[in-house]
Amino acid sequence: MKMTASRWLLSAAFVLATQAAWAADKLPNIRILATGGTIAGSGATSTTTVGYTAATVGVQKLIDAVPEMKTVANVSGEQVFQIASENMSNEHWLKLAKRVNELLGQDDVDGVVITHGTDTLEETSYFLNLTVKSKKPVVLVGSMRPSTAISADGPINLYNAVILAGSPDARGRGVLVSLNDQISAAREVSKTNTSTMDTFRSPDLGMLGYMQGNKAYFYRSPSRRHTADAEFDVSKLDRLPQVDIVYGYANVNRVAVDAHLKAGVAGLVHAGVGNGSLANTVKPALVDARKQGVMVVRASRTGSGIVTRNGEANDDELDFVAADNLSPQKARILLMLALTKTRDSREVQRMFREY
Ligand code: ASP
């Protein structure tokens, strides 16, 4: 039987459409949750790399700017917030964690990418690391240059984050952070430079791997408890206990601690000098705080290293908790979550050893 030209065209189109559908079927389904930040920022000119406005570009525009993503994943977007991340709050985190858990509970979602400002990206990622109840990949991504800049880093960072979130190798490694072709663990990573592209670092412990040539390369995994293995559950919470940070420095006084006590804080993290040392002017204030039922955690402002329990202060006697090697801002997050479970300082110390 002879095929007419139009019949041939029809069946060719059918074969192509089936192949395309089959290919799309094999790609991972990745949901991008957009929260704002510089990755969604715009500047007055293409050379504006500081002094731009964060959180102006919507999620669909971010996705449309990287059509290459369609070849590596079935991508869909959702605008969760549109803020600069210095304005991130506990309430934002609760909303985000609940949404991520909802999405990862669906069979048709293989991974989640969250676009985020870089200023507090390390905090949101650690919060999610402790509250997401799934082994599916969750990747936080941002950029140091706004979307309008020459050599903006947002598009390539987003492209890599989508590949990472769809990568089976990323499963079960906790919440990940990916910028600048690197993969980092939520617990370890910090923004270390105000403006350079290589700002995200994990002091002492190093990153987990690289993004290279459209592929994730892992070299290690975080060893502390996280995600599906964590004991925290925020599904029914609409607020978190108030925990604040007081900073240590030469000539420090007790004014800040007293102000927090007056404001009714539930926990305080002391970002001490060195190995979490307490000045003679501040120690009595923290002792008063503890007597009033406020949980006190000793952290360090140094940026790396372990705060030794019963080292620079006798934690057993003072009933304080040592922060291990968590930065003060990450210790604040663990303390908030710990206080949703217990008011016993030994239990809180256990959590600081495990998470
Ligand atoms: N201030 C911005 C933010 O965190 C900085 C950035 O995204 O790089 O939202």
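Ligands are counted one by one from 1 in listed order, and the atoms in each one are counted from 1 as well.
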Closest protein heavy atom to atom 8 (O) of ligand 1, given as residue, atom name and distance to 0.1 Å = T118 OG1, 2.4 Å

Minimum side-chain heavy-atom gap L104-V132 below 4.5 Å = yes

Less than 4.0 Å between a side-chain N and a carboxylate O, is that true for E122 and K330?
-> no

Identify the closest protein heavy atom to atom 9 (O) of ligand 1: which residue and atom is it, and at what distance?
-> S85 N, 2.7 Å

G37 heavy atoms within 4.0 Å reach ligand 1 at atoms 7 (O), 9 (O)

Could you tell me whether some N/O pair between D119 and ligand 1 is separated by less than 3.5 angstrom?
-> yes

List every atom of ligand 1 that sits less than 4.0 Å from any heavy atom of S143, numbering the atoms from 1 in the order shown and giving each element.
-> 8 (O)

Heavy-atom proximity to atom 7 (O) of ligand 1, best of L179, T35, V50, T38 | T38

Would you please say whether a donor-acceptor pair under 3.5 Å links the side chains of Y355 and E231?
-> yes

Is R99 salt-bridged to E78, going by a charged N under 4.0 Å from an acidic O?
-> yes

Measuring from D204:CG to S304:OG, what's the distance to the nearest 0.5 Å?
-> 4.0 Å

Ligand 1 atoms nearer than 4.0 angstrom to some heavy atom of A84 are 9 (O)

State plainly whether the residues K341 and D233 are in salt-bridge range, i.e. N to O under 4.0 Å.
-> no

What atoms of ligand 1 come within less than 4.0 Å of a heavy atom belonging to E86?
-> 1 (N), 2 (C), 3 (C), 4 (O), 9 (O)

